[in-house]
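Okay, so here's the structure we're looking at.
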Amino acid sequence: MKKEQDSTIGKESKKEMGKMTERELRKLRRTELLEILLELRRELDAARQENESLREQLNAAEQERQEKTDAILELLHTMEAQLGRMCPAQADAEASMQDDEAK
């Protein structure tokens, strides 16, 4: 009988925990309070684990984005150098314009 009551209390407490007033909490037996604490601890552990997993995913995505950005910038510099060799007069004009803008 007590096990049945305890499992029922666990289900009820999970649903009602957020709605309980201080007075209602004070009326609970020690075992009921411990069950609530254990359930809250399980939820906290699960939230922390999910948080850590999401942080790892975010870090992996950020690293991938940075690698792609670096590759694109390297490609752009390579293309710019190739264009400069193909059209030296144009490259000189652009370099001159950039120098004027910097002043």
Exercise. In Å and rounded to the nearest 0.5 Å, what is the CG to CZ distance from N51 to R55?
Worked result: 4.5 Å
Seminar exercise, completed: Taken to the nearest 0.5 Å, the spacing of L34 CG from L28 CG works out to 11.0 Å
Problem set entry | Whichever hydrophobic residues join L38 through chains of side-chain contacts under 4.5 Å | none
For this session: Test salt bridge (charged side-chain N to carboxylate O under 4.0 Å, His left out) on E62 and R65 and set out the steps.
Result: CA-CA 5 Å; E62 176 62 25; R65 183 198 61 78; 2.5 Å; yes
Exercise. Quick one: are L33 and R30 in side-chain contact, heavy atoms under 4.5 Å?
Worked result: no
Exercise. Roughly how far, to the nearest 0.5 Å, is the CZ atom of R85 from the CD atom of E80?
Worked result: 11.0 Å
For this session: Indicate whether any N or O donor in one side chain lies under 3.5 Å from an N or O acceptor in the other, for Q66 and D70.
Result: yes
For this session: Go through the steps to decide whether K68 and E64 satisfy the test salt bridge (charged side-chain N to carboxylate O under 4.0 Å, His left out), and finish with yes or no.
Result: CA-CA 6 Å; K68 288 179 180 180; E64 183 180 348; 3.1 Å; yes
For this session: Check whether any side-chain heavy atom of T69 lies under 4.5 Å from a side-chain heavy atom of L73, and answer yes or no.
Result: yes
Exercise. Does the side chain of E43 come within less than 4.5 Å of E39's, by heavy atoms?
Worked result: yes
For this session: Find the distance between CG (L25) and CD (E22) and round it off to the nearest 0.5 Å.
Result: 7.5 Å
For this session: Report the residues that fulfil side chain to side chain donor-acceptor pair (under 3.5 Å) with K27, sequence neighbours left out, ordered by chain and then residue number.
Result: none
For this session: Answer yes or no: is there a donor N or O on one side and an acceptor on the other, between the side chain of S53 and the main chain of Q49, under 3.5 Å?
Result: no
